[in-house]
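Single-structure report; data block below.
This chain uses plain numbering: 1 for the first residue, then up along the sequence. Basis for what follows: all heavy atoms, side chains included, without hydrogens, waters or symmetry-related copies. Note that ligands are numbered from 1 as they come in the structure, with each ligand's atoms numbered from 1 the same way.
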Amino acid sequence: MHISHSGDDLSTTLDQWRERGDTIAFVPTMGNLHAGHIKLVREARATGGRVVVSIFVNPTQFGVGEDYASYPRTRERDLEQLADAGADLVFLPEVAEIYPEKDRELADVDLGGLDRILCGANRPGHFQGVATVVSILFALVRPDVAIFGRKDFQQYRVIQRLVETFGLPIRLIAVETEREPDGLAMSSRNSYLDAEQRGQAACLSQVLAKICDRLRQGHKDYRAMEKYAIERLNNDGFSVDYVSIRDSDDLSEAGEKTTKLVALAAASLGTTRLIDNMEVEL
Ligand code: PAF
């Protein structure tokens, strides 16, 4: 497994592979890898191309007071897992490699408002930061295929919008959320939970599953379902940011006629913010 620290080294290796006719499947990550990430790498492997994984904790997607400094950095363990999973190259840039002009104001990308709703409402600038770093990584790696997890559903829609807006020749693949046996969606931030919080955390996926059952039964009382979920999460010790039933294509409010639905939630246990979502197609 090749390790690149610089864009130049990355380009040299990727150019050699492209000259041989290989395609590039790219998995961007912030490290602290778990089985959910490894599933993305396996999906990349299944495309038949060279598998490139980036590990970069992106400062521009963290807000003031968020966990940028303390975000778990577990490089050695990550590299072992990636070698086992069959990655061909790991890109490990420093901040200065991605953002060479330290004081430069980065222009916003037009995300059609997707960056200001749901998680974006409480994390201003977060999705602009994601769109910026993903654009830079796409420009460096120039992948044929890029693979993301459905757990970050809104992020996936943001990246789709980015690819459409700039007409990037990249095929996106979204991979199902990997879950713990009790249903908790796997996330790097789960490691912040103490034992009691870990016990409470599965409630998030349980309320979403319950909403999805009702949606499948044809219920349309979206506001009542959201209210029920918020109350249950509050009772189980969460501080709820939102629970929302949306059109899964564009994340607009679900209406009577919406057939592709997604129930999304963000809620904190102590200082740990968890997100999850489940989709239903009627
Ligand atoms: O999902 C993540 O891990 C990050 O948001 C991403 C896509 C790697 C951008 O920093």
Side-chain angles (χ1 to χ4, degrees), residues 4 7 10 24-41 43-44 51-63 66-75 77-79 81-82 85 87 89-99 106 108-109 111 114-115 118-120 122-141 143 145-163 166 168 170-178 185-192 264 266 272-277:
S4 281
L10 178 75
I24 308 294
F26 179 42
V27 183
T29 81
M30 297 206 302
N32 194 27
L33 304 180
H34 50 67
H37 294 109
I38 299 308
K39 198 170 168 180
L40 306 186
V41 175
E43 193 69 35
V51 177
V52 175
V53 180
S54 63
I55 300 180
F56 179 66
V57 184
N58 171 38
T60 65
Q61 71 187 75
F62 289 80
E66 291 190 354
D67 54 343
Y68 173 65
S70 59
Y71 196 85
R73 288 154 170 91
T74 52
R75 184 173 288 188
R77 196 157 46 82
D78 291 347
L79 292 176
Q81 291 188 73
L82 291 174
L89 185 151
V90 185
F91 181 43
L92 295 172
E94 295 297 330
V95 173
E97 182 72 34
I98 299 294
Y99 300 113
L106 296 161
D108 277 1
V109 180
L111 297 171
L114 269 179
D115 52 325
L118 302 167
C119 284
N122 269 11
R123 302 188 70 193
H126 168 69
F127 289 114
Q128 285 295 337
V130 170
T132 301
V133 77
V134 170
S135 308
I136 294 168
L137 290 168
F138 279 176
L140 287 166
V141 176
V145 186
I147 297 107
F148 295 87
R150 287 195 103 82
K151 187 199 150 248
D152 297 301
F153 194 86
Q154 188 176 1
Q155 168 172 283
Y156 185 66
R157 290 287 179 252
V158 162
I159 290 159
Q160 276 182 318
R161 166 101 194 180
L162 183 77
V163 166
F166 294 110
L168 303 176
I170 300 173
R171 181 164 67 90
L172 296 178
I173 299 180
V175 175
E176 275 317 311
T177 303
E178 190 73 2
M186 286 194 186
S187 161
S188 300
R189 290 193 170 97
N190 291 351
S191 61
Y192 296 155
L264 307 107
T272 305
R273 188 172 184 280
L274 302 175
I275 59 170
D276 199 356
N277 70 84

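- The atoms of ligand 1 that sit less than 4.0 Å from any heavy atom of Gln155 are 1 (O), 2 (C), 4 (C), 5 (O), 7 (C).
- Between His126, His37, Gln61, it is Gln61 that holds the heavy atom closest to atom 10 (O) of ligand 1.
- Residue Gln128 is tested with Thr60, Val133, Val109 for a side chain to side chain contact (heavy atoms under 4.5 Å, CB included); the sole match is Val109.
- Between Phe148 and Tyr156, the angle of the ring planes lies from 30° to 60°, which puts this pair in the tilted group.
- For ligand 1, the atoms closer than 4.0 angstrom to any heavy atom of Pro28 are 8 (C).
- Note that the CZ atom of Arg77 and the CD atom of Gln81 stand 6.0 Å from one another [nearest 0.5 Å].
- Contact atoms of ligand 1 toward Val133: 9 (C), 10 (O) (distance under 4.0 Å to a heavy atom of the residue).
- In terms of modelled atom types and a separation under 3.5 Å, the side chain of Asn277 and the main chain of Arg150 share a donor-acceptor contact.
- Side-chain atoms of Ser188 come within 3.5 Å of backbone atoms of Asn32 as a donor-acceptor pair (strictly under, hydrogens ignored).
- Residue Thr29 places no N or O, backbone or side chain, under 3.5 Å from any N or O of ligand 1.
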